[in-house]
Structure formats: structure tokens, C-alpha cells
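Order of appearance sets the numbers: ligands from 1, and atoms from 1 within every ligand.
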Amino acid sequence: MTLAGKTAIITGSNSGIGLGIARELARAGADVVLNSFTDSDEDHQLARDIATEFGVSARYVSADMSKPDQCRALVEQAGACDILVNNAGIQHVAAIDEFPTEKWDAIIAINLSSAFHTTAAALPGMREAGWGRVVNIASAHGLTASPYKSAYIAAKHGVVGLSKTTALETAGQGITCNAICPGYVLTPLVESQIPDQMKAHDMDRDTVVKEVMLARQPSKEFATVEQLGGTTVFLCSPAADQITGTTISVDGGWTAL
Ligand code: NAD
């Protein structure tokens with residue numbers, strides 16, 4: 001399938017899942033706009049590398065997704081937005097009664113409110129074009145909970161709810177909105193935690209991955225950033241024209257438990 005002629009904005013895409021999704025959208029022919037708040041030479045190089053590898057237009061636009069104005073400015077600066085992937089996210093782990101207020105505020109702003117602001121900015125252009133895709137990266141934690149992750153879980157449940165409302169407000173307009181709910185994904189950040197976990201539990205790599213890190217993931221395999229990119233490309237395909245306002249779990253069976 002080809003997404004040639006479509007422009008995709010992927011928030012938080014200078015690493016991990018966002019970068020994986022950007023690469024798969026570019027492989028499918030979309031022009032891509034990468035984003036983070038760092039604005040480093042490496043960020044701009046990532047965009048040049050994607051342009052060279054896939055023969056699409058790719059650029060990096062710096063914007064801090066904790067700031068409403070910058071969320072909206074990102075969509076404006078992209079010039080076009082046929083596909084919006086709200087992926088930027090952070091985590092903090094602490095009990096509710098010890099959870100720092102500034103961490104709660106930052107997680108709600110980056111993981112939830114940014115998706116509201118970018119969507120609000122992108123919908124008028126999508127309506128004008130009569131076609132649009134909003135893909136929100138939620139989490140298995142958008143459907144289930146764990147202790148000590150109150151802000152993240154509240155934000156991700158919020159993202160699932162926002163996706164449903166966006167779908168209802170755009171139904172019949174050629175626009176769809178869905179949330180992808182990944183389980184544990186093998187990103188560079190997760191990969192880098194494996195040696196410490198092996199040491200802490202005195203286990204080999206395979207055992208620590210299966211018994212500690214993937215304790216809640218029945219497949220005992222990580223999801224990959226390529227699989228999340230492929231799911232996003234699918235949601236942008238004609239086969240998904242009537243898929244809207246729902247969640248797609250990519251979690252090795254986590255939420256079936
Ligand atoms: P990551 O840390 O590699 O990526 C997070 C991205 O968000 C980075 O590009 C970072 O620059 C960006 N970001 C952070 N704060 C930002 C800000 N203020 N403004 C703009 N960009 C900002 O992590 P990841 O694992 O790739 O996570 C991506 C998304 O997937 C997140 O929403 C996360 O909650 C979700 N997710 C991850 C997993 C997993 O196992 N890795 C599982 C479920 C859901």
C-alpha cells in the first residue's frame with residue numbers, strides 16, 4: 001500500500017516507538033515530520049537518514065509537547081497533517097501519596113493533553129481534505145492498571161477516551177481515530193535495562209526477560225517498534241476505513257488475562 005502524498009506528524013519520534021512508526025510510515029511512502037523537544041544535530045540527521053533511505057520528504061520540527069502553544073505550533077509548522085500520531089510520553093513511578101505534583105502535571109500534559117492540542121489543530125485540515133488518520137499511542141495501561149503508575153495510567157486511560165470522542169466527532173468525514181495499546185516493547189531504553197535486571201536477579205538474559213520483565217505478557221516476547229509501525233500503517237490503509245473509536249492491543253496477550 002502506498003501513503004505517497006500524505007504527510008504524517010509523529011510526536012516524540014527521535015527514539016523508540018515514535019521513530020519506529022515514522023520509519024514504517026516512510027517505508028509506506030508518507031512524508032514524515034519527526035518531533036521532540038531536544039533540537040539536536042542528531043535529531044535533524046535522523047530525518048535526513050529517513051529521507052535518503054525511503055525517498056520521501058522528512059524533516060524534524062522541535063516542539064515541547066508539555067506546552068499547549070508548541071503542540072499547536074508543531075501542526076502549523078508541518079504545513080500539512082494527513083496522519084497524526086500522538087506518541088510522546090514519559091513515565092514516573094511512585095505511590096500516590098508520594099507522587100510529586102510536578103511529575104503528575106508533566107505526565108498529564110505530555111501523555112494526554114498534548115494529544116488534545118495537536119488533534120484540535122489538525123482536524124480542520126483533515127476535514128478540508130476529506131481524509132485523515134489520528135493514531136494515539138496509549139498502552140496496555142490504557143486498559144488495565146498497575147500500582148505506583150497513577151499519572152501514567154490516568155493519562156493513558158484518558159487517551160483511550162479522547163480517541164473515542166475524536167472518532168465520534170469525525171465519523172462520516174473520512175477521518176478515523178484509534179488508540180494502539182502496546183504491552184512491553186523492545187526499545188533502546190528497555191534493552192539498556194536488561195543487563196541491570198540480570199545482575200539484580202542473578203538470572204541469564206532469557207530468564208530475566210521472560211520471568212521478570214515479561215511477567216504479565218503471556219507470549220513472553222516483547223512487541224517491536226516495527227510491529228507498532230506496521231499497525232499504524234494498517235490503520236492508515238483502506239482496510240481500516242471503518243475502524244474508528246477503538247483500541248488495538250499489541251501486547252502478546254497481556255489484556256486477555
Ligand atoms: P522513548 O523514551 O524512547 O520515547 C519517548 C519520546 O517522547 C522521545 O522521542 C522523547 O523525545 C519524546 N518526548 C518526551 N517528552 C517530550 C516533550 N516534552 N516534548 C516532545 N517530545 C517528548 O519511549 P517509548 O518507549 O518509545 O515510548 C513512546 C510511547 O509509547 C509513549 O507514549 C509510551 O508511553 C508508549 N508505550 C511504550 C511502551 C514500552 O514498552 N516502551 C509500552 C506501552 C506504551
Side-chain angles (χ1 to χ4, degrees), residues 9-24 32-40 42-44 46-47 60-75 77 84-93 102-103 105-115 117-118 135-146 149 151-160 162-163 179-194 197 209 213-217 219 221-229 231-232 247-252 254-255:
I9 301 175
I10 307 97
T11 71
S13 46
N14 66 346
S15 72
I17 293 170
L19 181 57
I21 291 173
R23 286 178 51 79
E24 293 311 309
V32 294
V33 175
L34 302 186
N35 155 261
S36 74
F37 60 98
T38 41
D39 206 14
S40 67
E42 290 78 19
D43 293 330
H44 291 273
L46 280 174
Y60 170 87
V61 175
S62 183
D64 184 342
M65 291 298 104
S66 69
K67 308 267 190 310
D69 290 356
Q70 294 192 30
C71 295
R72 290 170 189 261
L74 168 64
V75 176
Q77 282 177 39
L84 172 64
V85 183
N86 287 304
N87 167 78
I90 59 168
Q91 174 66 284
H92 186 77
V93 179
E102 64 277 13
K103 290 285 183 198
D105 288 345
I107 290 175
I108 298 298
I110 296 167
N111 296 24
L112 174 58
S113 301
S114 70
H117 296 298
T118 54
V135 179
N136 293 325
I137 306 306
S139 167
H141 278 134
L143 303 167
T144 64
S146 297
K149 297 183 176 176
Y152 186 84
I153 284 158
K156 293 298 188 182
H157 277 69
V159 164
V160 170
L162 174 66
S163 306
I180 298 177
C181 295
Y184 226 139
V185 184
L186 191 57
T187 60
L189 197 74
V190 171
E191 181 71 54
S192 71
Q193 293 166 7
I194 296 176
Q197 293 279 5
V209 163
M213 302 181 78
L214 296 176
R216 291 178 73 176
Q217 202 146 307
S219 67
E221 285 172 25
F222 288 109
T224 67
V225 300
E226 290 79 11
Q227 290 162 355
L228 291 165
T231 306
T232 304
T247 57
I248 298 189
S249 290
V250 184
D251 67 1
W254 177 335
T255 46

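Residues that satisfy the side chain to side chain contact (heavy atoms under 4.5 Å, CB included) test with Glu221, not counting sequence neighbours, are Ser219. Partners of His141 under the ring pair (Phe, Tyr, Trp, His ring centres under 6.0 Å) rule, at least two apart in sequence or in another chain, are Trp254. Under the side chain to side chain contact (heavy atoms under 4.5 Å, CB included) criterion, Ser15 pairs with no residue, sequence neighbours left out.
A side-chain N or O of Asn14 and one of Thr38 form a donor-acceptor pair less than 3.5 Å apart. Side-chain N/O atoms of Tyr60 and Ser36 include a donor and acceptor closer than 3.5 Å. Checked by atom type, the side-chain pair Asp39/His44 shows a donor-acceptor distance below 3.5 Å.
Every protein residue with a heavy atom nearer than 4.0 Å to ligand 1 is included here: Gly12, Ser13, Asn14, Ser15, Gly16, Ile17, Asn35, Ser36, Phe37, Ala63, Asp64, Met65, Ser66, Asn87, Ala88, Gly89, Ile90, Ile110, Ile137, Ala138, Ser139, Tyr152, Lys156, Pro182, Gly183, Tyr184, Val185, Thr187.
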